[in-house]
Amino acid sequence: MKSLLIINAGSSSLKFAVFNLPLTQDSLSVYRGQIDGIGANITFVAKDVDGKVLLDTTIMAPEGSNLEAQHQLSLERLLAWIEEQHIELAAVGHRVLHGGKEYCAPVVVTPEVLKVLEGFIPLGPLHQPHNLRPIGVLAKKFPNLPQVACFDTAFHRTQPWEAQTYPIPRKFTEEGVIRWGFHGSSYDFISRQLEDVLGKEKANGGVVIAHIGNGGSMAATRERKCVATTMGFTALEGMMMGTRCGTIDASIVFHLMNHYKYTPEQVSDILYKESGLLGVSGGFSQDMRDLEASDKPEVKEALKLFYYRAAREIGSLAVAAGGLDAIVFTGGIGENSPVARKAITDYLTWTGLKLDPELNKIRGKAHCIEAADSKVAVAVIPTNEEWMIAHHTFTLLAL
Ligand code: ADP
């Protein structure tokens with residue numbers, strides 16, 4: 001049997017999933033796992049379809065090996081493990097941050113395409129080089145193994161000009177300082193489920209999809225196409241997140257540098273890694289489960305700010321979508337926290353939105369959670385970014 005390998009490579013981690021062919025609507029990944037701690041203590045965990053741990057080990061990198069070598073070693077270990085499971089790969093699908101303006105849809109990676117994608121590294125220096133690294137390594141090792149890239153930015157290319165443009169001098173806009181938007185594979189997946197869950201009319205109306213996890217963003221769709229999104233030039237803008245600040249006054253950056261004398265790298269760490277729920281809770285936690293279980297006043301304030309800002313983003317997106325027919329919650333928090341869904345939608349009762357408390361408690365499947373007399377539909381739809389990438393790889397290569 002042949003299989004697809006799906007790779008999501010980051011700066012210090014490599015997440016993977018394996019799907020058997022042929023891929024169907026209901027296909028589950030037969031294996032999934034993660035290599036973490038690349039650059040420090042590397043761990044390798046692999047699980048089967050039921051979540052049973054098949055492998056939990058460390059990868060010993062040779063003394064003094066650099067990050068590049070450790071990434072390569074990690075990928076090689078993954079490939080060796082895959083071979084041990086007697087998996088024959090038909091193709092590999094990759095999550096890639098940036099497709100620029102060139103790629104509004106997934107693409108089969110050729111050496112020419114890879115060159116273009118490398119050109120986007122300045123737009124996403126924290127992710128793009130790491131996303132592309134395994135593509136290059138695999139292309140060298142297995143030149144005949146087809147590879148497909150699916151982009152976080154692609155879904156958002158249907159936004160109108162005014163949704164993509166920052167009010168800054170045109171020169172920068174022309175050179176790519178625009179609202180790119182991210183989490184594209186998740187929105188792609190959810191937008192394909194909308195009709196089944198909401199019915200055709202609402203699915204094609206003004207829908208706000210809230211992908212709320214450790215990182216979080218929202219996208220407004222009409223006719224199931226993106227018309228606006230909260231993340232911007234980078235994944236720092238928009239909602240308050242686990243450790244990221246979301247939208248703040250850009251002058252705060254100058255203040256941190258001029259008044260507190262932080263370097264650009266330190267400011268970046270503060271806004272990406274020390275802000276959001278973690279920062280406002282006074283360093284308590286970024287994890288929603290810990291936060292919901294705490295009585296600390298700072299934690300309560302952090303949660304209040306989180307819900308409030310999420311609701312304000314929904315208001316803004318409803319304007320961009322020309323109305324609000326439905327809200328869809330997804331991502332780790334969106335799918336699993338009835339408390340967060342209630343707290344966020346409580347700010348929207350003036351729209352005629354009402355939740356059904358019993359439906360809001362149900363977990364684990366796509367379903368609607370609004371009350372019978374609610375004027376706005378509210379749904380929970382579990383996302384599946386790996387399946388989405390597998391689907392594009394399967395269909396694009398006509399496997
Ligand atoms: P990432 O952005 O890293 O992919 P996830 O989508 O996995 O993040 O979401 C992680 C978040 O989901 C964490 O804040 C976690 O606490 C939260 N979460 C997961 N399960 C629950 C739950 N049962 N109740 C509340 N929050 C949850």
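Each ligand, and each atom within it, is numbered from 1 in the order the structure gives. The analysis underlying the following values was restricted to heavy atoms, covering all of them including side chains, and did not include hydrogens, waters or symmetry mates.
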Legend entry - Test item: protein heavy atom less than 4.0 Å from atom 1 (P) of ligand 1: yes
Inset, instruction - Scan Phe182, Phe120, Tyr187, Tyr103 and name whichever one has a ring-ring contact (aromatic ring centres under 6.0 Å, His included) with Phe151. - result: Tyr103
Legend entry - N or O contact, Gly213 vs ligand 1, cut-off under 3.5 Å: no
Inset, instruction - Using a strict cut-off of 4.0 Å, indicate which atoms of ligand 1 neighbour a heavy atom of Asn214. - result: 1 (P), 2 (O), 3 (O), 5 (P), 8 (O), 9 (O), 10 (C), 11 (C)
Inset, instruction - May I ask you to check if ligand 1 and Arg289 share an N or O to N or O distance below 3.5 Å? - result: yes
Legend entry - Side chain Glu301, main chain Val280, donor-acceptor under 3.5 Å: no
Inset, instruction - Only one of His156, His127, His98 passes ring-ring contact (aromatic ring centres under 6.0 Å, His included) with Trp180; say which it is. - result: His98
Inset, instruction - Indicate yes or no: at least one non-hydrogen side-chain atom of Leu73 is less than 4.5 angstrom from one of Ile59. - result: yes
Legend entry - Heavy atom of the protein closest to atom 21 (C) of ligand 1 (residue, atom name, distance): Asn336 CB, 3.4 Å
Inset, instruction - Provide the number and element of each atom of ligand 1 under 4.0 Å from a heavy atom of Ser337. - result: 25 (C)
Inset, instruction - Indicate yes or no: does an N/O atom of Asp287 lie under 3.5 Å from an N/O atom of ligand 1? - result: yes
Inset, instruction - Would you indicate which of Gly215, Gly332, Ala293, Ser285 comes nearest to atom 9 (O) of ligand 1 when only heavy atoms are counted? - result: Gly332
Legend entry - Check: Asn336/Arg363 side-chain N/O donor and acceptor closer than 3.5 Å: no
Inset, instruction - Would you give the length of the straight line joining atom CZ of Phe19 to atom NE2 of His391, rounded to the nearest 0.5 angstrom? - result: 12.0 Å
Legend entry - Donor-acceptor pair between Thr243 and Glu274 side chains, under 3.5 angstrom: no
Inset, instruction - Using heavy-atom distances, let me know which of Asn8, Leu291, Ile333, Val339 sits nearest atom 11 (C) of ligand 1. - result: Ile333
Inset, instruction - Give yes if a backbone or side-chain nitrogen or oxygen of Met288 is under 3.5 Å from a nitrogen or oxygen of ligand 1, and no if not. - result: yes
